[in-house]
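Indexing begins at 1, ligand by ligand and atom by atom, following the structure's order.
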Amino acid sequence: MTGRFITIEGIEGVGKSTNVDFVAEHFRVLGETVQVTREPGGTPMAERIRDLILSANRDELSDLGELVLMFAARAEHLESLIKPALERGETVICDRFTDATFAYQGGGRGLDPAIIDNLRLAVQGALQPNLTVLLDAPIEVSAERIAGRAWQDRFEQEQAEFFGRVRAVYLEIAAREPERVKLIDASQPLNTVQAAIKAELDRI
Ligand code: Z5A
């Protein structure tokens with residue numbers, strides 16, 4: 001596969017959606033064909049699975065069921081969108097990917113990372129993002145940014161301790177894989193955050 005696969009990660013409200021287009025524009029200016037997508041979701045079937053997961057009440061879907069649905073959506077996304085685009089030599093920019101599963105289902109829900117890793121291998125094999133931008137901010141900052149949203153999904157209804165565990169796993173991944181995962185302080189003003197992202201993009 002000759003394309004480039006870039007993922008954006010972080011807890012809710014740190015600015016992933018805000019910065020996905022910024023990253024996309026960087027590569028468009030360089031003349032690359034860019035696919036912007038997200039997880040869970042990105043294809044019609046994966047978006048249906050996303051709706052199923054996010055609209056489920058806490059007691060309607062087990063933690064294991066949630067994990068398997070995340071990978072079901074990912075399998076569809078990889079086969080129908082991500083891999084074909086990478087094979088065509090395009091740049092794929094994805095708002096969340098498998099690091100989110102280790103952070104949310106592993107850290108947040110407390111599921112065994114070994115189970116997650118087995119599913120990862122079955123669904124994506126050796127495929128890994130070339131670069132992951134991890135936007136990191138204290139829980140209070142992210143909570144403040146999303147305060148006032150009219151509807152809260154299954155995850156947004158969780159408490160601060162949950163997001164503390166999610167954030168801790170993200171930081172562990174960044175410490176373990178510093179070549180792939182670039183940690184950016186997302187509590188700074190947007191132009192400072194984007195300057196830091198641009199510096200990482202320029203490097204690749
Ligand atoms: N999930 C999972 O559990 N397991 C998995 O494997 C995967 C996902 C793939 C849906 O994700 C849920 O799926 C997610 C985890 C779970 N749930 N949670 N939590 P999502 O990506 O759709 O949901 P999200 O993370 O909650 O999206 P979000 O709340 O929209 O966050 P965001 O995209 O990072 O933030 P934003 O919309 O770009 O920014 C929020 C606000 O802050 C907005 O008003 C911006 O203008 C503002 N902002 C952004 N940056 C700044 C700076 N630097 N300064 C000031 N204000 C800023």
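Contact annotation for T101 and ligand 1: heavy atoms of both the backbone and the side chain come within less than 4.0 Å of the ligand. When heavy-atom distances to ligand 1 are checked against a 4.0 Å cut-off, E39 comes that close through both its backbone and its side chain. With a 4.0 Å cut-off on non-hydrogen atoms, E156 touches ligand 1 through its side chain and not its backbone. The parts of K16 lying near ligand 1 are both backbone and side chain, judged by heavy-atom distances below 4.0 Å.
You'll find the side chain of D202 reaches within 4.5 Å of the side chain of H26, heavy atoms only. Looking at R167 and P138, their side chains come closer than 4.5 Å, going by heavy atoms from C-beta outward. A heavy-atom distance below 4.5 Å is found between the side chains of L61 and R154.
Within 4.0 Å of atom 43 (C) of ligand 1, not a single protein heavy atom is present.
Below 4.0 Å from some heavy atom of Q105 lie the following atoms of ligand 1, by number and element: 2 (C), 3 (O), 4 (N), 5 (C), 6 (O). If you number the atoms of ligand 1 from 1 as listed, the ones under 4.0 Å from a heavy atom of P40 come out as 7 (C), 8 (C), 9 (C), 13 (O). Near R74, meaning under 4.0 Å from one of its heavy atoms, ligand 1 places the atoms 6 (O), 9 (C). For ligand 1 and T18, the ligand atoms under 4.0 Å from any heavy atom of the residue are 36 (P), 38 (O), 39 (O), 45 (C), 49 (C). Remark: ligand 1 atoms within the under-4.0 Å shell around heavy atoms of I146 are 29 (O). Distances below 4.0 Å separate heavy atoms of Q188 from the following atoms of ligand 1: 52 (C), 53 (N), 54 (N).
What sits closest to atom 33 (O) of ligand 1 on the protein, heavy atoms only, is S17 OG, 2.6 Å. Here the heavy atom of the protein found nearest to atom 2 (C) of ligand 1 is M70 CE, 3.2 Å. In terms of protein heavy atoms, atom 37 (O) of ligand 1 is closest to R149 NH2, 3.7 Å. Taking atom 55 (C) of ligand 1 as the reference point, the nearest protein heavy-atom neighbour is R145 NE, 3.6 Å. For atom 31 (O) of ligand 1, the nearest non-hydrogen atom of the protein is G13 N, 2.8 Å. Shortest contact from atom 7 (C) of ligand 1 to any protein heavy atom: A100 CB, 3.6 Å. Among protein heavy atoms, atom 21 (O) of ligand 1 sits closest to R96 NE, 2.9 Å. Counting only heavy atoms of the protein, atom 18 (N) of ligand 1 lies nearest to F155 CB, 3.5 Å.
Checked by atom type, the side-chain pair T91/E32 shows a donor-acceptor distance below 3.5 Å. A side-chain N or O of T101 and one of R74 form a donor-acceptor pair less than 3.5 Å apart.
The aromatic rings of F155 and F162 lie tilted to each other, with the angle between the two planes from 30° to 60°.
For ligand 1, the polar-atom distance check against V14 finds a nitrogen or oxygen pair separated by under 3.5 Å. At least one N/O-N/O distance between G15 and ligand 1 falls below 3.5 Å.
Salt bridge status for D117 with R120: present, with a side-chain N to carboxylate O gap under 4.0 Å. Ion pairing of R58 with E66 is absent here, as no side-chain N (NZ or NE/NH1/NH2) approaches a carboxylate O to less than 4.0 Å. Between E161 and R165, none of the side-chain N atoms (NZ, or NE/NH1/NH2) sits under 4.0 Å from a carboxylate O, so this pair counts as no salt bridge.
Considering all non-hydrogen atoms of both residues, V193 and A186 come closest at CG2-CA, 3.9 Å. F97 and E9 get closest at one heavy-atom pair: N-OE2, 2.7 Å.
Taking 4.0 Å as the cut-off, E66 does not count as a neighbour of ligand 1 on heavy-atom distance. Using a non-hydrogen distance threshold of 4.0 Å, R50 registers as a contact of ligand 1.
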Verdict with reasoning, V169 to D99, per side chain to side chain contact (heavy atoms under 4.5 Å, CB included): CA-CA 9 Å; V169 172; D99 293 322; over 6 Å; no
Steps toward side chain to side chain contact (heavy atoms under 4.5 Å, CB included) verdict (F71, T98): CA-CA 9 Å; F71 274 105; T98 306; 4.1 Å; yes
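The environment of CD in Q188 is crowded: more than 12 heavy-atom neighbours from other residues, nucleotides or ligands sit within 6.0 Å.
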